[in-house]
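Worksheet: the structure to be examined is printed underneath.
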Amino acid sequence: QVQLVESGGGLVQAGGSLRLSCAASGRTFSSYAMGWFRQPPGKEREFVGVIAGGGRITSYADSVKGRFTISRDNAKNTVSLQMNSLKPEDTAVYYCAAAPRYDRSSSSYAYWGQGTQVTVSS
């Protein structure tokens, strides 16, 4: 069982930066791939990025590649999403999630946080 709690959302102007954090419970955090997903208003949830358990492999959606960076600290059971050059279209509820394998599909993720709102104003 893994419990996830996100933090760090808020309101930012276009071009600004935010850093989201996700704190995980459990002693097997490093065995999970950690993903970030988002759900824009009125739209379906979409993949943002994923980091493998060891932290060396990452993958990103084309829409955020080069602007967002995922990192993790397995000693502290945390994963972060650094978001730079934010755009209004990045406005969404952001979720961290844990999966037993490295995957971009939300269906592979068994554990989800409650979400944190990110709003980017133009």
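Numbers here are sequence positions counted from 1. The shown structure was predicted, so the numbers you read here are calculated from the model rather than taken from an experiment. All values below come from the heavy atoms of this structure, side chains included, with hydrogens, waters and symmetry mates left out.
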Distance-minimising heavy-atom pair for Val50 and Ile70: N-CD1, 3.3 Å
Does a side chain donor of either Ser30 or Asn74 reach within less than 3.5 Å of an acceptor in the other side chain? no
With side chain to side chain contact (heavy atoms under 4.5 Å, CB included) as the criterion, how do Val118 and Met83 come out once you've worked through the C-alpha distance, each side chain's angles and the decisive distance to 0.1 Å? CA-CA 10 Å; Val118 172; Met83 304 185 293; 3.9 Å; yes
Keeping Gln82 on the side-chain end and Phe68 on the backbone end, is there a donor-acceptor pair under 3.5 Å? no
Among Gln114, Arg38, Gln39, find the residue that satisfies the side chain to side chain contact (heavy atoms under 4.5 Å, CB included) test when tested with Tyr95. Gln39
Calculate, to the nearest 0.5 Å, the distance between atoms CG and OG belonging to Leu86 and Ser121 respectively. 10.0 Å
Looking at every heavy atom in both Thr28 and Ser31, which two are closest together, and how far apart are they? O-OG, 2.6 Å
To the nearest 0.5 Å, what is the distance between OH on Tyr94 and OG1 on Thr116? 10.5 Å
May I ask you to check whether over 12 heavy atoms, not counting those of Gln117, lie within 6.0 Å of atom CD? yes
When you look at CD1 of Ile57, are more than 12 heavy atoms from neighbouring residues, nucleotides or ligands closer to it than 6.0 Å? no
Quick check: are there more than 12 heavy atoms from other residues, nucleotides or ligands sitting under 6.0 Å from CZ of Arg101? no
In this structure, CG of Leu4 is separated from CH2 of Trp112 (nearest 0.5 Å) by 10.0 Å
Testing the 3.5 Å rule here: is there a donor-acceptor pair between the side chains of Asp73 and Thr78? no
Please name the pair of heavy atoms, one in Cys22 and one in Met34, separated by the smallest distance, quoted to 0.1 Å. SG-CE, 4.3 Å
Distance check, rounded to the nearest 0.5 Å: Ser85 atom OG versus Arg67 atom CZ? 7.0 Å
Run the side chain to side chain contact (heavy atoms under 4.5 Å, CB included) check on Tyr102 and Ser59 step by step: do they pass? CA-CA 9 Å; Tyr102 183 79; Ser59 179; 3.0 Å; yes
Hey, what do you get for OG (Ser63) to CD (Glu46), rounding to the nearest 0.5 Å? 5.5 Å
Apply side-chain hydrogen bond (donor to acceptor under 3.5 Å, both in side chains) to Arg72 and Ser80, showing your working. CA-CA 6 Å; Arg72 65 189 296 162; Ser80 298; over 6 Å; no
Kindly give the heavy-atom pair with the smallest separation between Gly115 and Val93, and that separation in Å. CA-CG1, 3.9 Å
Distance from Asn77 atom CG to Tyr32 atom OH, nearest 0.5 Å? 11.5 Å
Determine, step by step, whether Ser7 and Arg19 satisfy the side chain to side chain contact (heavy atoms under 4.5 Å, CB included) criterion, reporting the C-alpha distance in whole Å, the side-chain angles of both residues, the deciding distance to 0.1 Å, and the verdict. CA-CA 9 Å; Ser7 61; Arg19 185 178 181 87; over 6 Å; no
Hey, does the side chain of Thr91 reach the backbone of Thr119 with a donor-acceptor pair shorter than 3.5 angstrom? no
For the residue pair Ser122 and Pro88, what are the closest heavy atoms and their distance? CB-CG, 3.8 Å
Please determine if Lys87 and Asp90 form a salt bridge, counting it only when a charged side-chain N lies under 4.0 Å from a carboxylate O. no
Run the ring-ring contact (aromatic ring centres under 6.0 Å, His included) test on Tyr109 and Phe37 for me, step by step, so that the C-alpha distance in whole Å, both residues' side-chain angles and the decisive distance to 0.1 Å come before the verdict. CA-CA 10 Å; Tyr109 290 77; Phe37 294 80; 5.0 Å; yes
